[in-house]
Amino acid sequence: MPVGKKILVTGATGLVARTAAEALAVHNEVWCLGRFSDAGTERRFQGRGIRTWRWDMARDGLGGLPDDFTHVLHAAVERGDASGGAGGDAKSAGTFEEAVAVNSVATGRLMTHCRSAEAFLFLSTSAVYAPQALDHPHTEADPLGTEAPWLPAYPVGKLATEGAVRALAVTLGLPTTIARLNVAYGPHGHGGLPVIHYRQMLAGEPIAVPHAGQHYCSPIHTDDITRHVPRLWAAARTPATVVNWGGDEVVGVRDLMTYVSELTGVPVGFRPSAVTRTVVAFDSTRRRRLAGACEWSWRDGVRQALRAHFPGAVKADPC
Ligand code: NDP
């Protein structure tokens with residue numbers, strides 16, 4: 001972990017960046033930017049010495065903010081989902097416009113504001129890859145595409161923002177890493193895919209799966225994400241470094257949720273569908289070289305995350 005740095009974090013009230021922001025705040029000056037829809041989280045941050053700054057990506061809001069940050073972790077995202085979209089429909093033009101414009105403009109403003117930083121880390125997503133065989137281990141060179149029927153505007157917004165990030169990294173001379181995150185999970189926020197699907201199981205809802213086979217992913221615990229952040233800053237370059245950011249293991253979503261069912265005793269049902277929460281497997285060679293290995297195995301990590309979100313839920317401990 002770095003020491004004595006001045007670090008800006010966005011999206012810290014969410015799942016992915018919260019553990020990192022709090023860990024970094026132990027030995028650094030950390031500023032968290034966001035809307036702080038949940039006032040309790042803002043108070044918790046302030047109690048840990050983190051400075052908070054009200055910032056809505058849909059507006060400017062950076063005037064008056066110090067500009068001498070040494071490192072930036074930009075995790076905030078406007079996903080362009082139905083609730084946030086202008087049209088109220090995940091496929092409406094409004095949601096695409098919002099996902100592209102809000103994310104790319106806000107990121108551009110942030111990079112420009114922090115142009116003197118040593119490193120800027122932008123969180124992209126594995127959803128930017130074009131569909132391949134379900135177990136294909138994607139490298140950074142694999143074809144890009146934007147097919148995400150469950151949230152169509154999301155990868156479009158991410159790809160557009162990746163373009164803005166690449167441009168500004170070069171024009172500003174700001175060393176940057178674009179990290180395409182796989183399935184993240186952990187004790188905070190929405191908990192990630194295993195916890196989201198577990199909530200469905202509790203509600204008696206089946207999990208949508210492909211008609212044949214299963215999706216594979218490379219899940220990563222937020223503790224490992226936190227450990228990797230400083231190394232991904234160290235890997236920042238102009239032009240931007242691009243890296244697939246997932247865990248060390250590949251697991252099928254059916255297998256993962258069957259394990260959750262075994263742990264909790266809650267039955268899991270699967271419903272074949274054309275609209276699934278698509279995830280992909282990663283070839284993690286570049287990430288291992290840049291950021292090192294992970295410490296959590298997915299089974300131990302998922303068990304820990306479930307216990308954090310649902311104390312008492314884990315009944316059994318299958319090997
Ligand atoms: P969450 O949905 O948990 O959190 C989203 C964050 O974005 C919140 O902190 C929210 O803060 C902030 N935010 C949303 N809209 C705005 C806005 N208009 N202005 C300012 N802040 C905003 O996201 P995750 O932690 O799951 O994801 C973090 C990043 O990682 C995202 O970029 C996401 O695309 C990427 N990612 C995540 C994956 C995962 O498995 N979770 C997988 C792949 C990529 P607040 O509401 O307080 O303003």
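One-based numbering, in listed order, for ligands and for the atoms of each.
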Legend entry - Heavy atom of the protein closest to atom 4 (O) of ligand 1 (residue, atom name, distance): Gly14 CA, 3.4 Å
Legend entry - Arg54, CZ: over 12 other non-hydrogen atoms inside 6.0 angstrom: yes
Legend entry - Pair Glu249 + Arg299, salt bridge at N-O below 4.0 Å: no
Legend entry - Val229 side chain reached by His71 side chain, heavy atoms, under 4.5 Å: no
Inset, instruction - Would you please test Glu162 and Lys158 for salt bridge (Lys or Arg N to Asp or Glu O under 4.0 Å) and show each step? - result: CA-CA 6 Å; Glu162 281 197 13; Lys158 283 293 186 186; over 6 Å; no
Inset, instruction - Do me a favour and list the nearest non-hydrogen protein atom to atom 28 (C) of ligand 1 with residue, atom name and distance? - result: Ala75 O, 3.3 Å
Inset, instruction - May I ask you to check if ligand 1 and Val183 share an N or O to N or O distance below 3.5 Å? - result: no
Legend entry - Region of Asn182 engaging ligand 1 - heavy atom pairs below 4.0 Å: backbone
Inset, instruction - Indicate yes or no: does an N/O atom of Ser126 lie under 3.5 Å from an N/O atom of ligand 1? - result: no
Inset, instruction - Among all protein heavy atoms, pick the one closest to atom 12 (C) of ligand 1 and tell me residue, atom and distance. - result: Ala76 CB, 3.8 Å
Inset, instruction - Using distance alone, decide if ligand 1 has a nitrogen or oxygen within less than 3.5 Å of any nitrogen or oxygen in Phe36. - result: yes
Inset, instruction - With heavy atoms of Val77 as the reference, note each atom of ligand 1 found under 4.0 Å away. - result: 7 (O), 13 (N), 14 (C), 15 (N), 31 (C), 32 (O), 33 (C), 34 (O)
Legend entry - Test item, Tyr185 contacting ligand 1 (heavy atom, 4.0 angstrom): no
Legend entry - Per-residue contact class, Ala127 against ligand 1 - non-hydrogen pairs under 4.0 Å: neither
Inset, instruction - Give yes or no for whether the N/O distance cutoff of 3.5 Å, strictly under, is met between Leu15 and ligand 1. - result: yes
Legend entry - Where ligand 1 meets Tyr154 - atom numbers and elements under 4.0 angstrom, heavy-atom basis: 33 (C), 34 (O), 35 (C), 36 (N), 43 (C), 44 (C)
Legend entry - For Thr13, atoms of ligand 1 separated by under 4.0 Å from a heavy atom: 8 (C), 9 (O), 10 (C), 11 (O), 45 (P), 47 (O)
Inset, instruction - Report the distance from atom NZ of Lys5 to atom CG of Leu24, rounding to the nearest 0.5 Å. - result: 12.0 Å
Legend entry - ligand 1 contacted by Gly192 (non-hydrogen, < 4.0 Å): no
Inset, instruction - From the options Arg79, Glu98, Glu78, Arg277, select the one whose nearest heavy atom is closest to atom 2 (O) of ligand 1. - result: Arg79
Inset, instruction - Name the closest protein heavy atom to atom 40 (O) of ligand 1, giving the residue it belongs to and the distance to 0.1 Å. - result: Ala184 N, 2.9 Å
Inset, instruction - Return yes when Ser37 approaches ligand 1 closer than 4.0 angstrom through a heavy atom, no otherwise. - result: yes
Inset, instruction - Decide whether Thr276 and His215 meet the rule of one side-chain donor and one side-chain acceptor closer than 3.5 Å. - result: yes
Inset, instruction - Check Asp68, Asn28, Thr70 against Lys6 for a side chain to side chain donor-acceptor pair (under 3.5 Å) and give me the one that passes. - result: Asp68
Inset, instruction - Identify, by atom number and element, the atoms of ligand 1 in contact range of Val16, meaning under 4.0 Å from any of its heavy atoms. - result: 24 (P), 25 (O), 26 (O), 27 (O), 28 (C), 41 (N)
Legend entry - Polar atom proximity, Leu181 to ligand 1 (N or O, under 3.5 Å): no
Inset, instruction - State whether Arg288 and Asp248 are salt-bridged, where the test is any N-O pair (Lys NZ or Arg NE/NH1/NH2 against Asp/Glu carboxylate O) under 4.0 Å. - result: yes
Legend entry - Any donor-acceptor N or O pair under 3.5 Å, side chains Thr107, His74: yes
Inset, instruction - Name the closest protein heavy atom to atom 30 (O) of ligand 1, giving the residue it belongs to and the distance to 0.1 Å. - result: Leu123 CD2, 3.3 Å
Legend entry - Any N or O of Gly11 closer than 3.5 Å to N or O of ligand 1: yes
Legend entry - Candidate with minimal heavy-atom separation from atom 48 (O) of ligand 1, of Glu42, Met57, Arg35, His188: Arg35
Legend entry - Numbering as shown, the atoms of ligand 1 that approach Ser124 to under 4.0 Å (heavy-atom distance): 44 (C)
Inset, instruction - Quick one: look at His190 and ligand 1, take heavy-atom pairs under 4.0 Å, and tell me if it's side chain, backbone, both or neither. - result: side chain
Inset, instruction - For Thr52 and Gln46, test the side chains for any donor-to-acceptor distance below 3.5 angstrom and give the result as yes or no. - result: yes
Inset, instruction - Indicate the atoms forming the closest heavy-atom contact of His190 with Arg199, along with that distance. - result: O-NH2, 4.3 Å
Inset, instruction - Using a cut-off of 6.0 Å, state whether more than 12 heavy atoms not belonging to Arg43 lie near its atom CZ. - result: no
Legend entry - Sub-4.0 Å heavy-atom approach of Lys158 to ligand 1: yes
Legend entry - Ligand-residue contact atoms, ligand 1 with Asp56, heavy atoms, under 4.0 Å: 17 (C), 18 (N), 19 (N)
Inset, instruction - Find all atoms of ligand 1 within a distance of less than 4.0 Å from any non-hydrogen atom belonging to Trp55, and give their numbers and elements. - result: 19 (N), 20 (C)
Inset, instruction - Show the numbers, then the answer: is there a salt bridge (Lys or Arg N to Asp or Glu O under 4.0 Å) between Glu140 and Arg180? - result: CA-CA 9 Å; Glu140 291 78 0; Arg180 293 178 179 151; over 6 Å; no
Inset, instruction - Using a 4.5 Å cut-off on heavy atoms from C-beta on, say whether the side chain of Tyr129 contacts that of His136. - result: no
Legend entry - Side chains of Met201 and Ile207 in contact at under 4.5 Å (non-hydrogen atoms): yes
Legend entry - Flag side-chain contact, heavy atom, 4.5 Å: Pro219 against Val251: yes
